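Residue numbers run from 1 in the order of the sequence given. Because the structure is predicted, anything quoted here is derived from the model rather than measured.
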Amino acid sequence: MGNNVASTAAGKRIEALLDYKSFVEIGSQVTARNTDFNLGDNKAAGDGVICGYGLIEGNLVYVYSQDSTVLGGSVGEMHARKICSLYDMAMKVGAPVIALIDSAGFRLQESCDALEAAGAIYRKQVVASGVIPQISAVFGNCGGGMALIPGLSDFTFMENNAKYFVSAPNTVDGNNAAKCDTASAEFKSAKSGVIDAVGTEEEIIEMIRNTVAVLPENNEDNQSYSDCEDDLNRAVEGARAYASDPVVLLGQISDNGLVVEKSGDYMKEMVTALIKLNGITVGVVANRTEILGEDGKAVEKFDARITAGGAKKAAEFVTFCDAFNIPVVTFTNVVGYATDKHSEIRMAGAVSSLVGAFAGATVPKINVITGKAYGSAYVAMNSKGIGADFVYAWDGSEVGTMDAAMAAKVLCPDADADTLKAKTEEYKNLQNNVNMAAARGYVDTVIAPEDTRKYLIGTIEMLFTKREDRPYKKHNSVL
């Protein structure tokens with residue numbers, strides 16, 4: 001990396017992200033062609049974006065970093081052409097693209113040229129989607145049409161003080177930044193879910209490196225696994241105590257505790273994350289009822305119910321995993337759906353998307369029932385009925401249509417308290433007992449919680465060469 005590049009914030013971000021002295025710059029002498037509104041007096045070599053390739057932990061990546069000191073890092077014709085060329089190279093060799101964004105938006109001096117340029121970037125991203133991983137990080141500003149670039153990425157991170165918006169807070173009817181900063185990192189990560197994680201610039205750089213380390217290079221990469229130094233038969237001590245918070249549980253199950261959570265601040269009752277099992281990258285979707293603090297006590301609680309936002313979050317993650325041939329494991333503990341007016345507006349569509357994602361995925365799919373698995377909410381969580389290859393259940397878990405006490409009231413509406421109690425116990429033993437589900441073949445094996453890691457590793461290894469043919473079609477018509 002040349003000294004002039006390393007001296008800018010955009011260049012320093014690349015330098016911090018990539019392995020030492022591995023960056024090779026491309027297109028450093030490219031400049032804007034347009035000269036309207038005195039643009040010719042302000043144009044500079046590189047046209048406000050540094051492009052090139054380098055290594056992260058020895059893995060090839062392509063990266064572009066927008067330079068806000070050159071025309072605000074705004075997107076014009078040649079700026080976009082450099083990014084599009086980078087995508088072309090990345091697609092040819094099958095390597096991820098990383099965007100470090102700090103831009104004033106579309107270049108006003110280039111008008112229609114800037115609009116055409118932005119459209120060209122969008123198209124490259126859509127063509128690359130599901131072929132190579134795309135990672136974005138927002139530093140400084142990312143507004144207007146630029147907001148679509150992170151939205152079209154697989155993973156997106158945001159610096160604490162950055163601004164990310166389609167419409168600035170002060171332009172939203174009845175709002176201003178002081179009232180509700182809709183462009184803030186907190187809002188975008190917790191409320192909209194388009195940001196996967198927030199942190200300082202240094203933390204974001206580390207998050208990108210960790211994410212690249214667990215992702216395959218492309219959708220045909222069969223080498224997305226590493227040597228495992230962790231004990232393959234290691235017992236997961238205290239697994240049952242951690243079932244309420246899958247993030248903690250996954251830290252116990254994964255190789256050396258590695259967990260890369262996606263959209264961790266959004267719809268926290270549904271966990272989506274990447275872990276390693278015997279060196280193989282695995283995607284996890286899990287129901288969560290508590291967030292456990294460092295002392296092991298709950299700091300936040302949730303109902304064991306699927307929300308519309310949680311279903312959409314999980315569906316998008318499963319689709320991502322399927323695109324990149326990443327096995328999917330679910331940890332299921334669910335009794336139904338969220339029951340409120342706001343949820344009901346979107347629930348049917350969201351859960352349909354979740355079912356479509358699981359049923360449509362052809363990667364290895366494993367379900368682990370850790371608590372209760374009731375009704376169609378359970379069916380939607382990667383059940384045998386919609387295509388799970390293997391279903392495990394912890395001893396003591398329950399599988400059935402609904403809670404036994406509720407079922408007894410439905411079946412015996414006029415019964416007295418003693419009769420209802422007896423019928424509840426009868427229903428629980430006959431209908432909700434996990435052994436009944438196992439006897440029907442809906443659960444393959446009932447296991448002790450502490451054995452979860454070794455069972456998952458063995459099953460993923462067994463399913464490693466899975467092939468599943470489907471009727472030819474371009475894609476599902478319902479998403």
Cation-pi, F139 ring and R13 (6.0 angstrom, 45 degrees): yes
Any side-chain donor near an acceptor of the partner, N367 and T332, under 3.5 Å: yes
Flag, side chain of R288 to backbone of K268, donor-acceptor distance under 3.5 Å: yes
V259 vs L274 side-chain heavy atoms within contact, under 4.5 Å: no
Shortest non-hydrogen separation from F390 to K384 and the atoms involved: CA-NZ, 4.3 Å
Closest approach of L60 to P96 (non-hydrogen atoms, all atoms of both residues): O-CD, 3.4 Å
Polar side-chain atom of S189 near backbone of E186 as donor-acceptor pair, under 3.5 Å: yes
Shortest non-hydrogen separation from M270 to A311 and the atoms involved: CE-N, 4.4 Å
Any donor-acceptor N/O pair, S352 side chain to A348 backbone, under 3.5 Å: yes
Full working for side-chain contact (heavy atoms from CB on, under 4.5 Å) between S65 and V49: CA-CA 6 Å; S65 182; V49 62; over 6 Å; no
Y442 atom OH, neighbour heavy-atom count above 12 within 6.0 Å: no
Parallel, tilted or perpendicular, as decided by the 30° and 60° cut-offs, for the rings of Y62 and Y53: tilted
Aromatic ring pairing F155/F157, orientation class (parallel under 30°, perpendicular over 60°, tilted between): parallel
Candidate pair L215 and F324, rule side-chain contact (heavy atoms from CB on, under 4.5 Å), full reasoning: CA-CA 8 Å; L215 292 179; F324 288 98; over 6 Å; no
Nearest-0.5 Å distance, CD1 of residue I275 to CD1 of residue I280: 11.0 Å
Heavy-atom neighbours of D295 CG exceed 12 at 6.0 Å: yes
Within the 6.0 Å centroid threshold, strictly below: Y64 and Y87: no
Within-4.5 Å side-chain heavy-atom neighbours: I460 and V282: yes
Close side-chain approach of V443 and I369, heavy atoms under 4.5 Å: yes
SB check K191 D265 (cutoff 4.0 Å): no
Pairwise distance CE(M89) to OG(S85) - rounded to 0.5 angstrom: 6.0 Å
Short side-chain donor-acceptor distance under 3.5 Å, K372 and S397: no
Sidechain N-carboxylate O distance under 4.0 Å for E77, R81: yes
side-chain hydrogen bond (donor to acceptor under 3.5 Å, both in side chains) between E290 and S244, intermediate numbers included: CA-CA 5 Å; E290 293 180 327; S244 60; 2.8 Å; yes
Under 3.5 Å side-chain donor-acceptor pair for Y266 and S192: no
Closest approach of N160 to A185 (non-hydrogen atoms, all atoms of both residues): O-CB, 3.7 Å
side-chain contact (heavy atoms from CB on, under 4.5 Å) assessment of I208 paired with L100: CA-CA 10 Å; I208 297 173; L100 307 181; 4.1 Å; yes
Over all atoms of both residues, closest heavy-atom pair of V363 and I326: CG2-O, 3.5 Å
Side chains of Y242 and Q252, donor plus acceptor under 3.5 Å: no
Close side-chain approach of C321 to P327, heavy-atom, < 4.5 Å: no
Derivation and outcome, salt bridge (Lys or Arg N to Asp or Glu O under 4.0 Å), residues K365 and D322: CA-CA 10 Å; K365 294 175 289 189; D322 189 49; over 6 Å; no
Close side-chain approach of I386 and V379, heavy atoms under 4.5 Å: yes
Inter-residue atom distance L258.CG - N210.CG, 0.5 Å rounding: 7.0 Å
Neighbour count above 12 (heavy atom, 6.0 Å) for E300 CD: yes
From CD (E269) to OG1 (T307), nearest 0.5 Å: 3.5 Å
Non-hydrogen atoms of A197 and M207 that approach each other most closely: CB-SD, 3.5 Å
Flag if over 12 foreign heavy atoms under 6.0 Å of CD, E203: yes
Donor-acceptor side-chain pairing of S343 and D340 below 3.5 angstrom: yes
Donor-acceptor side-chain pairing of K163 and S184 below 3.5 angstrom: no
Salt bridge flag under 4.0 Å for residues D19 and R209: yes
D67 side chain vs G73 backbone, donor-acceptor pair below 3.5 Å: no
Rounded distance [0.5 Å steps], OG in S136 versus CG in D154: 9.0 Å
Donor-acceptor contact present, side-chain Y378 to main-chain S383, <3.5 Å: no
Crowding at NZ, K466 (>12 non-hydrogen neighbours, <6.0 Å): yes
Heavy atoms of other groups near R234 CZ, more than 12 under 6.0 Å: yes
M381 vs N287 side-chain heavy atoms within contact, under 4.5 Å: yes
Under 3.5 Å: donor-acceptor pair, side chain of S22, backbone of L18: no
Inter- and intrachain pairs under ring-ring contact (aromatic ring centres under 6.0 Å, His included), touching residues 158-188, at least two apart: none
Pairwise side-chain contact, I56 with L17, heavy-atom cut-off 4.5 Å (strictly under): yes
Student check: side-chain heavy atoms of D102 and E159 closer than 4.5 Å: no
Separation of C51 SG from K82 NZ (nearest 0.5 Å): 4.5 Å
Salt bridge flag under 4.0 Å for residues D196 and K262: yes
Short side-chain donor-acceptor distance under 3.5 Å, N333 and T370: no
Short side-chain to backbone donor-acceptor contact, K312 and A308, under 3.5 Å: no
